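Written below as structure tokens is the structure these notes are about.
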Amino acid sequence: MKEYALIFRHEDGQKVASPEQIQIWMKQTMDWIATIAAKNKFVSGTGLPFDDARVVHANKTVTNGPFGEIKETIGGYIIVKADTVDEAVEFAKGCPVLQGEGNTVEVRTIANH
């Protein structure tokens, strides 16, 4: 069994939704993770808030960001165990992040060292 990262790419929800809607999304996400955990396939994960974020560039300059209005910003991830990439993709298909237009979940194999 391998581990896969499911990476959530979307805009900052605080810019596009009310606090109440964000709470609904968080509950949906926790319920989704619970279904994966019930199969003993959840490893770990977290959100990546935009507050106090910085980007370090190749020339060593530092800018504030990333900003949620930039499409394809990483908002969080979970790590799952799966027998195949297709099984990991099936987990990703249930992610509530996909309710947002243009949002995606990237599925990547975690390299074994």
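All heavy atoms count here, side chains included; hydrogens, waters and symmetry mates do not. Being a predicted model, the structure only gives us computed values, none of them experimental.
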From [atom1] ([X]) to [atom2] ([Y]), nearest 0.5 Å:
X	Y	atom1	atom2	result
Asn112	Glu3	CG	CD	7.5 Å
Asp31	Ile36	CG	CD1	11.5 Å
Ile33	Phe42	CD1	CZ	5.0 Å
Ile110	Lys2	CD1	NZ	11.5 Å
Ile24	Met26	CD1	CE	12.5 Å

Keeping the roles fixed (side chain from [X], backbone from [Y]), state whether a donor-acceptor pair exists under 3.5 Å.
X	Y	answer
Tyr4	Val85	yes
Thr61	His57	no
Trp32	Phe91	yes

So do [Y] and [X] actually touch side chain to side chain, heavy atoms under 4.5 Å?
X	Y	value
Thr46	Ile78	no
Arg54	Asn64	yes
Arg108	Leu6	no

Minimal non-hydrogen separation, [X] against [Y], with atom names:
X	Y	value
Ala82	Lys41	CA-NZ, 4.3 Å
Val105	Ala92	CG1-CB, 3.7 Å
Lys93	Leu98	O-CD1, 3.8 Å
Val97	Thr104	CG1-O, 4.1 Å

Inset, instruction - Answer yes or no: does atom CG of Asp83 have more than 12 heavy-atom neighbours from other residues, nucleotides or ligands under 6.0 Å? - result: yes

Legend entry - Within 6.0 angstrom of Asn59 CG, more than 12 heavy atoms from elsewhere: yes

Legend entry - Common cluster, Leu48/Val55, ILVMFWY with side-chain heavy-atom separation under 4.5 Å: no

Legend entry - ILVMFWY clustering at 4.5 Å (side-chain atoms), partners of Met1: none

Inset, instruction - Starting from the C-alpha separation in whole Å, work towards a yes-or-no answer on side-chain contact (heavy atoms from CB on, under 4.5 Å) for Val43 and Val80. - result: CA-CA 5 Å; Val43 177; Val80 300; 5.7 Å; no

